[in-house]
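I have placed the structure first, in the form of C-alpha cells, so that the comments after it can refer back to it.
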Amino acid sequence: AQSVTQLGSHVSVSEGALVLLRCNYSSSVPPYLFWYVQYPNQGLQLLLKYTTGATLVKGINGFEAEFKKSETSFHLTKPSAHMSDAAEYFCAVGGGFQGGSEKLVFGKGTKLTVNP
Amino acid sequence: NAGVTQTPKFQVLKTGQSMTLQCAQDMNHEYMSWYRQDPGMGLRLIHYSVGAGITDQGEVPNGYNVSRSTTEDFPLRLLSAAPSQTSVYFCASSLMPGTGLSNEQFFGPGTRLTVL
C-alpha cells in the first residue's frame with residue numbers, strides 16, 4: 001500500500017521568499033513521485049515527476065524537488081516566490097518501476113499564499 | 001490532441017435524480033480514473049479502469065457506477081444523487097501504471113456538481 005502525507009495544509013510566504021512544501025510518502029516498492037499544481041477553478045497540472053535516475057528533479061515555473069529515499073521525502077522548493085505561484089499543490093505517489101498499485105495516491109494538498 | 005475532456009462543466013441536481021458525467025480522452029491511454037475533490041480532503045479515487053471492459057472500485061465508490069466500453073470514454077453515473085455527492089469531479093487518464101512506465105496522469109478540467 002502507498003500513502004502520502006503533506007505537512008501543512010496552508011503555507012504563506014512573501015513574494016521573493018523561498019517556497020518549501022513538504023511531502024513524505026510510504027511505498028512498498030520503489031516509487032514514482034509527482035507534484036501537481038491546481039490554480040483556482042482549474043484542473044490539475046503536472047509540475048514535475050521523479051521516476052528513476054537523478055534525485056533532484058526540475059519542473060516548470062522554477063520549481064524543483066529532491067527525492068530522498070532515506071527520509072521517504074519529496075519536498076517541493078522554489079528559490080523565489082512569485083505572486084502567480086499562489087495555488088494548491090498536491091504530492092502523489094504511484095506504482096513505480098517494479099509495479100505495485102495501479103492507483104495514484106494523492107496527499108490532501110497544500111494551499112500556497114504569496115503575500116506582496 | 002484535445003487531451004482529457006469532461007462534460008458538463010457545471011450541473012445542479014435535485015436529490016434522487018440520476019445523471020452521467022462524461023469523460024473522453026484522445027491519447028490512447030489504457031488507464032482512466034475518476035476522482036472527487038472536496039475541501040481539505042484532497043483527491044479521492046472513485047473508480048478506475050485499466051482498459052475497455054475492465055473497471056474497479058477506488059476509495060469512495062458508493063453511489064457511483066462506471067463502465068468502459070471503449071478506450072476513449074469513461075462515463076461516471078450517479079444513480080440517485082445525494083447532497084453528500086456535491087463535489088468537483090475530475091477525470092484523468094494515463095499510460096498503464098505498474099508497467100515500468102511513468103504513470104503521469106492527465107486531468108480534465110472538472111465538473112462542478114451541486115446536489116440540492
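Letters A, B, ... mirror the listed sequences (proteins, then strands); counts begin at 1.
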Could you measure the distance from the [atom1] atom of [X] to the [atom2] atom of [Y]? Nearest 0.5 Å is fine.
X	Y	atom1	atom2	result
B:His29	B:Ser94	NE2	OG	6.5 Å
A:Phe34	B:Gln105	CZ	CD	8.0 Å
A:Leu47	A:Tyr36	CG	OH	10.0 Å
B:Arg68	B:His47	CZ	NE2	14.0 Å
B:Gln57	B:Asn65	CD	CG	9.0 Å
B:Tyr48	B:Ile54	OH	CD1	10.5 Å

Contacts of residues 58-84 of chain A with chain B (heavy atom under 4.5 Å): none
Interface moiety of A:Leu44 toward chain B, non-hydrogen atoms closer than 4.5 Å: both
Which portion of A:Gln45 sits near chain B, non-hydrogen atoms under 4.5 angstrom: neither
[X], part contacting chain A, at a heavy-atom distance under 4.5 Å:
X	value
B:Gln37	side chain
B:Leu45	side chain
B:Arg44	neither

side-chain hydrogen bond (donor to acceptor under 3.5 Å, both in side chains) evaluation trace for B:Thr71 with B:Asn28: CA-CA 7 Å; B:Thr71 300; B:Asn28 202 31; 4.8 Å; no
Close approach to chain A in residues 77-92 of chain B, criterion heavy atom under 4.5 Å: B:Phe90
Heavy-atom side-chain contact between A:Arg22 and A:Leu20 under 4.5 Å: yes
B:Ser49 side chain to B:Asp56 side chain, donor-acceptor N/O pair below 3.5 angstrom: no
Side-chain (B:Asp26) to main-chain (B:Ala2) donor-acceptor, under 3.5 angstrom: yes
Shared hydrophobic cluster for B:Leu95 and B:Val4 (ILVMFWY, side-chain gaps under 4.5 Å): no
Steps toward side-chain hydrogen bond (donor to acceptor under 3.5 Å, both in side chains) verdict (A:Thr110, A:Gln6): CA-CA 7 Å; A:Thr110 297; A:Gln6 289 184 240; 3.3 Å; yes
